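Note sheet for the following structure.
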Amino acid sequence: MNIKAYVFASALLAVMVCAVCAYSHDVEEDLEKGIVRLHIIAESNSERDQEIKLKVRNAVLEAAAEEQPQGEEELTSLAERTAEQVLMENNCSYGAHAEYGSFQFPERSYRGITLPAGRYNGIRVVLGSGSGRNWWCVMYPPLCVTDGEPELSAEGEEVLRSRLRADTYDIISEDQERPVIKFRIIEAARAVIGTINSSD
């Protein structure tokens, strides 16, 4: 390969990388604005504390779907208040603390959508000392819990479609035609962007 061809190929590659990063950034911002994640950390790994964690998850999801809180403070207050209520009803000796922020979440699939790994706005609910296994979920748009597994409800799908661009929704939806290659590119780009941001 001569020098001109090499320079042209390098420039073309650089343009493609920039385009992918820009597109990935747009998708990332879209997901951050359209979705609020839920992270619940159990008191311990005992069977009882793990059961309590799931009870808290179910109660928080149901409360969010029913009350449809608006804004960070309302969401956080609802999550903490609901968790405390569950703990009290189950005679737990420990309390709960909720906080809203931007957290790193792993890739997670639900019935209806698969969300790529990356940073999302979310609410973290710590039960007691928070020494047990955790649960990752989606608080908004509302998911319903069927047979113990969260599922994107018809209402949740409608809300999600209205809050995300069409191409973003296509990437995360579990349709058979879901563009897996695009999904992986977005996930990889989010990881690179996250690494760059954390080193600033």
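Remember, predicted model here, so these are calculated numbers, not experimental data.
The only member of I123, V56, L54 that meets side chain to side chain contact (heavy atoms under 4.5 Å, CB included) when paired with I40 is V56.
With rounding to the nearest 0.5 angstrom, the CH2 atom of W135 is 4.5 Å from the CZ atom of R57. To the nearest 0.5 Å, atoms SG (C92) and CD (E84) are separated by 10.0 Å. Once rounded to the nearest 0.5 Å, the distance linking OH of Y94 with CG of L127 reads 6.0 Å. Summarising the geometry, atom OG1 belonging to T82 is positioned 12.0 Å from atom CG belonging to N58; distances are rounded to the nearest 0.5 Å. A distance of 9.5 Å separates CD in Q104 from OH in Y120, rounded to the nearest 0.5 Å.
L61 and V126 are members of different hydrophobic clusters when ILVMFWY side chains are connected at heavy-atom separations under 4.5 Å.
With contacts defined as side-chain heavy-atom distances shorter than 4.5 Å, the pair H39/N134 qualifies. At least one side-chain heavy atom of I52 sits under 4.5 Å from a side-chain heavy atom of L87. Using a 4.5 Å heavy-atom threshold, the side chains of L38 and W136 count as separate. Within the 4.5 Å cutoff, the side chain of E80 has no heavy atoms near those of the V125 side chain.
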Stepwise side chain to side chain contact (heavy atoms under 4.5 Å, CB included) test for N90 and K55: CA-CA 10 Å; N90 287 271; K55 287 183 178 181; 2.9 Å; yes
Candidate pair S131 and E43, rule side chain to side chain contact (heavy atoms under 4.5 Å, CB included), full reasoning: CA-CA 5 Å; S131 301; E43 154 72 6; 5.8 Å; no
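With sequence neighbours excluded, the residues that form a side chain to side chain donor-acceptor pair (under 3.5 Å) with E89 are Q85. Residues that satisfy the side chain to side chain donor-acceptor pair (under 3.5 Å) test with S44, not counting sequence neighbours, are S46, D49. Residues satisfying the salt bridge (charged side-chain N to carboxylate O under 4.0 Å, His left out) criterion with R81, sequence neighbours excluded, are E67.
Contact between G132 and I41 at its shortest, heavy atoms only, is O-CG2, 3.6 Å. Considering every non-hydrogen atom in both A79 and V60, the closest pair reads O-CG2, 4.0 Å.
Residues T76 and E99 bring no donor and acceptor atom of their side chains to less than 3.5 Å of each other.
The side-chain tip of R124 points at the ring of F103 from less than 6.0 angstrom away and within 45° of straight on.
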